[in-house]
Amino acid sequence: MDEKDLLHELMTNTDDEIKLTPKQAKILQAAMEIFAEKGYASTSTSEIAKRAGVAEGTIFRHYKTKKELLLSIVSPMITKFAIPFFADHFIKEVFEKKENESYEELLRAIIINRFNFVKRNQSLLKILLQEISFHEELQLKFKEIFIGKVYPRFTKLIKQYTEQGEISNDFNPNTVIRLMMTTVIGFIITRFVVMPNHEWDDEYEIEQTIRFIRNGLQ
């Protein structure tokens, strides 16, 4: 699913609180693209309007300021739909399929799942990285989804692999999760944000990341 498909999915899975018209979807798409390219502070509403193919006044009929555009469209879409949507798919595609497989297979599934998702949605990743430190609602939503949906399943599997001897019992589950996630997130940010134009051998880097985590926790 690329970012245009994502917008279509979000438009067809909204509740009564937010309803996007096709024109609003174009504004959202344009805002996501330019915010990702230039950052929120360097983006003007005239640029968003031009790329969306609408008059600038159309934006201001719905959103009084650029800040309101970010908070009223981009942030709610991410917090209320995108993050839960991704979390649900992540749980289904990774955790529910890996309960009887090895720790290395779980690692590989997590890394490949997140790698492919970010590869298809790089603009969204950049906006999240740029804006999350400035918007408490994004931080709270991440905590809510991770702690409520992902963490319990993660902990269950880590305990299982520790009992099986695949992870050293010197580490508690919280430490294992922290070490895994910081390594995986660091790899993805380096690959797609810090050094996106480097000549990466993605398959090699994924396997080396798996090896690093697996060996470190045994």
Side-chain angles (χ1 to χ4, degrees), residues 1-93 113-146 148-150 185 188-189 191-197:
M1 179 182 294
D2 62 22
E3 287 161 354
K4 290 183 179 180
D5 291 333
L6 170 64
L7 286 177
H8 175 74
E9 184 73 27
L10 295 176
M11 285 178 65
T12 57
N13 285 279
T14 56
D15 58 19
D16 293 334
E17 190 173 347
I18 297 177
K19 293 291 187 183
L20 286 182
T21 66
K23 188 169 289 187
Q24 286 176 305
K26 289 181 180 179
I27 294 172
L28 172 60
Q29 179 68 43
M32 287 178 63
E33 291 174 357
I34 303 178
F35 286 152
E37 293 167 9
K38 301 179 63 175
Y40 166 76
S42 299
T43 298
S44 68
T45 52
S46 61
E47 291 175 292
I48 295 172
K50 183 177 180 180
R51 185 168 300 193
V54 301
E56 189 172 7
T58 301
I59 295 177
F60 288 119
R61 278 199 294 272
H62 298 284
Y63 314 101
K64 295 179 182 179
T65 65
K66 183 179 68 171
K67 180 72 171 180
E68 189 173 320
L69 170 63
L70 177 68
L71 295 179
S72 297
I73 295 185
V74 179
S75 296
M77 288 298 293
I78 292 171
T79 58
K80 296 181 182 179
F81 300 109
I83 294 173
F85 181 76
F86 301 148
D88 289 342
H89 276 261
F90 179 66
I91 290 166
K92 183 176 180 180
E93 293 172 10
N113 178 281
R114 293 298 82 189
F115 181 92
N116 288 334
F117 165 72
V118 171
K119 188 175 183 179
R120 295 190 299 268
N121 297 280
Q122 295 182 51
S123 294
L124 181 57
L125 173 67
K126 290 178 182 178
I127 293 171
L128 287 172
L129 291 175
Q130 291 166 358
E131 303 302 329
I132 193 168
S133 62
F134 301 107
H135 304 290
E136 186 179 3
E137 64 270 34
L138 291 178
Q139 300 168 25
L140 293 174
K141 195 62 180 181
F142 267 119
K143 292 176 183 177
E144 175 190 336
I145 296 301
F146 185 79
K149 291 190 174 184
V150 179
I185 292 169
I188 288 174
I189 290 176
R191 169 63 178 83
F192 292 106
V193 178
V194 179
M195 299 173 64
N197 299 318

#### Entry: Aromatic F192 / basic K119 pairing, under 6.0 angstrom, 45° off normal
no

From [X] atom [atom1] to [Y] atom [atom2], the distance as rounded to the nearest 0.5 Å:
X	Y	atom1	atom2	answer
R51	I34	CZ	CD1	4.0 Å
K143	E136	NZ	CD	7.5 Å
L28	E33	CG	CD	9.5 Å
L140	I132	CG	CD1	9.5 Å

### Task
Inspect the contact between K50 and E47 and indicate whether a charged nitrogen and a carboxylate oxygen are less than 4.0 angstrom apart.
no

Which atom pair, heavy atoms only, marks the closest approach of [X] to [Y]?
X	Y	value
T65	F60	CA-CE2, 4.3 Å
F35	I48	CZ-CD1, 4.1 Å
Y40	K66	O-NZ, 2.8 Å

### Message
Within the 3.5 Å criterion, strictly below it, is a donor on T45 or E56 matched to an acceptor on the partner's side chain?
### Response
yes

### Query
So, the side chain of K23 versus the backbone of A52: is there a donor-acceptor pair under 3.5 Å, distance only?
no

